[in-house]
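All remarks here apply to the structure that follows.
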Amino acid sequence: MKTMDVIQTKKEDQQYVLHSWSKQKNIHPKVITKAEGIFFWDDENRKYYDMCSQLVYLNVGHQHPKLLEEFKHMDEIPIAAPSFATPSKSELARKIIEVAPDNMAKVFFANGGADSNDHAIKIARMVTGRYKIFSRYRSYHGATFGAGNLTGENRRFAVEPGMPGFIKFDTPYLYRESINFENEEAAAKFYLDRLHNQMLYEGPESIAAVFLEPIPGSNGVLIPPKGYLEGVRELCDRYGILMVCDEVMSGFGRTGKMFAVDHFNFQPDMMTFAKGVTSGYSPLGGVIVSRKVAEFFDDHVLMTGLTYSGHTVSTQIGCATLDIYKEEGLIENAYEVGEVLGARLEKLRAFNSVGDVRHIGLFAAVELVRDKKTKEPIISYGMDYGKDEAGLMKTFIHLLNEKGFYTYSHESSVIIAPPLIITEQQINEAMDLFEEALTKFEKEHLFSAGTLVTK
Ligand code: PLP
């Protein structure tokens, strides 16, 4: 790594850099001075288990030797505009189609997650000739205008008043549903009936697409009840609506399968991706489209594009990343070690402040509550961003960081999504730290002799 002057880096950051989603005067970013595998070190030489893979993208871990080597060969490859065919763009598109559901045929490359969703919105409108777009509350699809309009929580508010024709429906969230369903199938039916009703009242003939994260990530790893996604597919088929799955966070092994949709029994019409495709070593996103959608554009103009579509550097890194997944068996590892993580998380239910744990592969959330019976959350909705009430959740994240467990939270859920290279032993070490932090949190900030003493 380039030698750096930490003091200078921090000073210039403070002076010149605007940081996302934050009041600038409240933040004092650390500098990562060293990193390797699942670990990184800050400028005070504190070592961290990176338990959220930075922003859930560093699937192959920090400083992977094969990717570092790949960067050394960049002088051998041509930088070319999207209108050219390049070896790395062709190869990566093929590699993605090879691991995608078998109805998928082609890839449109974009720069990251948000703009991939924007392109998918446009494609859905072009293919169907319709304009309405359904997406869900408790979802995050990105910060650009299109993806922001898809987003179903307060990170959308900065793009409001929104675009006409964007309709929201509920994500199944069984832990906080007031109805006690007999089983998962009954829950799925309940949410599907409501969605169907909304479609009817919006006029199905005007609906171009339903966008959803098959397993919403940053909103707390909300695993759908059995039959739900298949039911959404069935409703889409009934009315000629396209189903678009946002796999930006869940794709490329995060859930223990290549894509989250692989856990279920349906195929979407389009899938958007980013993050894991390059493990974040270079920015890249895209839209994977089905044969049917691809064929539509044989005779219709694809009225979208961008300067860096299929950028040579990023697609080259993407090819190497997909090779690493295969060579190192990382998807299988995510599944196997995910079982160990799952078992440790289930044990957390014994803590008074743990309301719910949700996990699939190496994609997990721990939802904290002030009171287990009433399920009163640690912070109420919308208090994450720069508002003082976020304090208690921030306190817990700070305690985790102090122990060397690095991650972030959204509302009252702590996200746990380590690099897919993590070992069973490392999971256990990290979860020991989590338990220590939680014990301290409950004792010093939440409960005293069984009584709530929230500060
Ligand atoms: N979609 C999902 C599901 C995401 O989790 C994210 C980012 O976290 C995005 C889209 C936006 O991706 P990007 O930040 O690369 O624009």
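- With values rounded to the nearest 0.5 angstrom, N183 atom CG is found 12.0 Å from K189 atom NZ.
- Judged purely by atom type and a 3.5 angstrom limit, E44 has no side-chain atom pairing as donor or acceptor with the backbone of K30.
- Side-chain polar atoms of S135 and H141 form no donor-acceptor pair below 3.5 angstrom.
- Proximity of a side-chain donor or acceptor of R291 to a complementary backbone N or O of D102 within less than 3.5 Å is detected.
- Between the S53 side chain and the A417 main chain, a donor and an acceptor come within less than 3.5 Å of each other.
- Heavy-atom minimum distance, I379 versus E411: CD1-O, 3.5 Å.
- Between the side chain of Q24 and the backbone N or O of H19 there is at least one donor-acceptor pair closer than 3.5 Å.
- No donor-acceptor pair closer than 3.5 Å links the side chain of T255 to the backbone N or O of G361.
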Review point. Yes or no on side-chain contact (heavy atoms from CB on, under 4.5 Å) for I215 and L222, after CA distance, side-chain angles and deciding distance?
Key: CA-CA 6 Å; I215 298 169; L222 303 171; 5.9 Å; no
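- Closest non-hydrogen pair, C245 versus P268, comes out as SG-CB, 3.8 Å.
- Distance CG/L212 to CZ/R136: 4.5 Å, rounded to 0.5 Å.
- Atom CG in D50 sits 10.0 Å away from atom CZ in F405 (nearest 0.5 Å).
- Centroid-to-centroid, the aromatic rings of F39 and Y49 come within less than 6.0 Å.
- Using modelled atom types, one finds no donor on one side chain facing an acceptor on the other under 3.5 Å when comparing Y381 with N154.
- For R138 and Y173, the positive end is not near the middle of the six-membered ring at less than 6.0 Å and at most 45° from its axis.
- The two residues H359 and A364 have their closest heavy-atom pair at CB-CB, 3.8 Å.
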Exercise for review: Please test E69 against K72 for salt bridge (charged side-chain N to carboxylate O under 4.0 Å, His left out), starting from the C-alpha separation and ending with a verdict.
Suggested key: CA-CA 5 Å; E69 189 59 32; K72 286 192 195 146; 3.4 Å; yes
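- Side chains of E213 and S139: a donor-acceptor N/O pair is absent below 3.5 angstrom, by distance only.
- Separation of atoms CG (L341) and CE (M431) is listed at 6.0 Å; rounding is to 0.5 Å.
- With E424 contributing its side chain and V340 its backbone, the two residues share no donor-acceptor pair below 3.5 Å.
- Under a cutoff of 6.0 Å and an axis angle of 45°, K275 and F252 do not form a cation-pi pair.
- Under a cut-off of 6.0 angstrom, the local environment of CD in E346 is crowded, with over 12 non-hydrogen atoms contributed by other residues, nucleotides or ligands.
- Ring-plane geometry between F396 and F441 is classed as tilted, the angle between the planes lying from 30 to 60 degrees on a 0 to 90 degree scale.
- Of the N and O atoms on the side chains of E153 and N219, at least one donor lies less than 3.5 Å from an acceptor on the other residue.
- Heavy-atom neighbours of I7 CD1 from other residues, nucleotides or ligands within 6.0 Å: at or below the threshold of 12.
- Considering all non-hydrogen atoms of both residues, R156 and N149 come closest at CD-O, 3.9 Å.
- The local environment of NZ in K326 is sparse, with at most 12 non-hydrogen atoms from other residues, nucleotides or ligands closer than 6.0 Å.
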Point to revise | Worked verdict on E247 versus S250 for side chain to side chain donor-acceptor pair (under 3.5 Å) | key: CA-CA 5 Å; E247 291 263 8; S250 56; 2.8 Å; yes
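- By the 30° and 60° cut-offs, the orientation of the rings of F264 relative to F266 is tilted.
- Distance check: Y325 OH to I421 CD1 gives 11.0 Å after rounding to the nearest 0.5 Å.
- Within the 3.5 Å criterion, the main-chain N or O of I378 finds a donor-acceptor partner in the side chain of S412.
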Check your understanding: Could you walk me through whether D5 and K10 pass the salt bridge (charged side-chain N to carboxylate O under 4.0 Å, His left out) check?
Key -> CA-CA 9 Å; D5 180 335; K10 284 184 165 178; over 6 Å; no
Practice item. Start with the C-alpha distance between L446 and L368, add both sets of side-chain angles, then the distance that settles side-chain contact (heavy atoms from CB on, under 4.5 Å), and finish with yes or no. Key: CA-CA 11 Å; L446 269 186; L368 300 182; over 6 Å; no
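- Classification of the Y191-Y228 ring pair by plane angle, with boundaries at 30° and 60°, yields perpendicular.
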**Study point:** Verdict with supporting geometry, E367 and V357, side-chain contact (heavy atoms from CB on, under 4.5 Å)
**Key:** CA-CA 6 Å; E367 182 161 344; V357 296; over 6 Å; no
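- Smallest separation of non-hydrogen atoms from D246 and P214: O-CD, 3.4 Å.
- Nearest approach of L92 to G318, heavy atoms of both residues: CD1-C, 3.6 Å.
- Taking the six-membered ring for Trp and the full ring otherwise, F134 and F166 have centroids separated by 6.0 Å or more.
- Between Y281 and F71, the ring-plane angle classifies as parallel under the 30° and 60° cut-offs.
- Checking S88 against E91 by side-chain atom types alone, no donor-acceptor pair falls below 3.5 Å.
- Residue N265 places its CG atom among 12 or fewer non-hydrogen atoms of other residues, nucleotides or ligands, all under 6.0 Å distant.
- For the residue pair S116/T272, the side-chain donor-acceptor check at 3.5 Å is not satisfied.
- Of the possible polar contacts, one joining the D118 side chain to the A147 backbone as a donor-acceptor pair under 3.5 Å is found.
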Exercise for review: Report the C-alpha separation of H263 and I223 in whole Å, then their side-chain angles, then the decisive distance to 0.1 Å, and conclude whether the side-chain contact (heavy atoms from CB on, under 4.5 Å) test is met.
Suggested key: CA-CA 11 Å; H263 290 275; I223 298 163; over 6 Å; no
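- Salt bridge status for D356 with K375: absent, with no side-chain N to carboxylate O gap under 4.0 Å.
- Although no hydrogens or angles enter the test, the distance criterion places no donor-acceptor pair under 3.5 Å between the side chain of R46 and the main chain of W41.
- For the atom pair NZ of K403 and OH of Y48, the computed distance is 13.5 Å after rounding to the nearest 0.5 Å.
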Point to revise | Test log, rule salt bridge (charged side-chain N to carboxylate O under 4.0 Å, His left out), inputs R94 and E98 | key: CA-CA 6 Å; R94 172 179 54 77; E98 280 169 1; 3.1 Å; yes
